[in-house]
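To keep things clear, I will list the structure first and then write my remarks on it.
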Amino acid sequence: MSKIKLPYTKKVLEHFKNPRNVGEIENPDGKAIEGSPACGDMVQLTLKVDEKTKRITDIKFKSYGCASNIATGSIITEMAKGKTIDEAKKISWKSASEELGGLPAVKAHCSVLAVSSLREAIRNYEERHGIIHEVEPTTEEVVKRRLRHVMNPLTGLDVIRTNLISNISIKNGSDGKIIEITVDLPEDHQFANNVKKEIQEKIEHRKDVKKVIVKFLNN
Ligand code: FES
């Protein structure tokens, strides 16, 4: 029987079979969950950053993606560990793919997904630590953009694309905005709490936001 020829380089296969830095850091300084609209897969990335040097001291990923995605998660966490957050931001899908000796073109979105989880986790760190001083006011558009990073656990795609958000209302209070988001799930749904937590995590740190209220449709 002839051997099946895989479209992957030796290094991709090696990282796929033996991925580095797999898992989840408890109490991370930065965290991201990214999903791919192209295939419905998901990557979670958590990291720890040294407050003084701004170097990434620990980084871990979990992937529900394909071999390209897992290999890219493995290589970018290796590349990012020990780097400062500014250096790590420069890791691109191109440099990750080069490091792996190339990825099949059809799988480009898989490595993009892994790389954007790294960028998003760094951004999450910067937001939580007040490094990004946001000047952009929180509008409905901004809320929607942030919610594109929250997964709908029923489908693996984001909550905006899958119409899981039925209403967004923004009220201006005297000391900040009150954002009310209605989710099209019953309150006692097994994923309701997860979705609520993720929505709040994505929005409540914004400078002009006082409170994020997540409501459910009791249908
Ligand atoms: Fe989904 Fe690669 S096909 S991550």
Side-chain angles (χ1 to χ4, degrees), residues 3-25 28 30-48 56 58-81 83 85 88-125 144-165 185 190-191 194-195 197-199 201-202:
K3 262 188 153 182
I4 297 172
K5 194 165 168 353
L6 292 167
Y8 295 120
T9 64
K10 258 194 177 155
K11 198 161 177 189
V12 171
L13 287 174
E14 202 273 310
H15 275 265
F16 168 56
K17 288 182 195 152
N18 185 21
R20 330 296 198 261
N21 307 310
V22 171
E24 179 174 358
I25 298 171
K31 176 179 175 179
I33 300 174
E34 294 288 297
S36 163
C39 65
D41 287 323
M42 233 190 276
V43 181
Q44 182 201 67
L45 195 137
T46 45
L47 46 82
K48 280 268 180 207
I56 297 174
D58 199 7
I59 179 164
K60 289 202 176 345
F61 82 104
K62 271 188 188 168
S63 163
Y64 303 91
C66 65
S68 285
N69 182 269
I70 292 171
T72 310
S74 173
I75 202 87
I76 56 161
T77 51
E78 271 206 326
M79 289 163 85
K81 206 178 223 173
K83 285 203 165 69
I85 52 173
K89 275 188 220 165
K90 294 193 190 118
I91 297 173
S92 63
W93 69 268
K94 197 163 167 272
S95 58
S97 158
E98 273 167 15
E99 194 68 33
L100 286 166
L103 282 166
V106 64
K107 291 282 172 185
H109 77 271
C110 312
S111 44
V112 169
L113 179 62
V115 173
S116 61
S117 71
L118 172 63
R119 297 221 174 123
E120 197 51 37
I122 293 173
R123 190 182 162 84
N124 178 252
Y125 166 78
K144 280 192 181 156
R145 202 170 69 214
R146 301 296 298 148
L147 294 182
R148 281 186 187 276
H149 297 285
V150 176
M151 286 301 116
N152 174 349
L154 305 175
T155 63
L157 301 179
D158 70 83
V159 294
I160 293 293
R161 204 178 300 262
T162 55
N163 295 323
L164 201 69
I165 304 300
L185 275 181
Q190 57 166 331
F191 294 128
N194 274 2
V195 172
K197 229 179 87 198
E198 275 195 41
I199 290 175
E201 261 180 24
K202 291 285 185 268

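As the structure lists them, so they are numbered: ligands from 1, and atoms in each ligand from 1. Position 1 is the first residue of the sequence; numbering continues from there.
- Side-chain contact check for I33 versus M42: some heavy-atom pair is nearer than 4.5 Å.
- A salt bridge does not link R146 with E201: every distance from a Lys NZ or Arg NE/NH1/NH2 to an Asp or Glu carboxylate oxygen is 4.0 Å or more.
- Side-chain N or O atoms of R119 include none that pairs as donor or acceptor with a backbone N or O of S117 at under 3.5 Å.
- No other N/O/S atom of D41 lies as close to atom 1 (Fe) of ligand 1 as OD2 does.
- Remark: ligand 1 atoms within the under-4.0 Å shell around heavy atoms of N69 are 4 (S).
- Here C110 reaches atom 2 (Fe) of ligand 1: one of its N/O/S atoms is less than 2.8 Å from the metal.
- Side-chain contact between V22 and F61 is present, with heavy atoms from C-beta onward closer than 4.5 Å.
- The ligand atoms of ligand 1 that sit less than 4.0 angstrom from a heavy atom of C66 are 2 (Fe), 3 (S), 4 (S).
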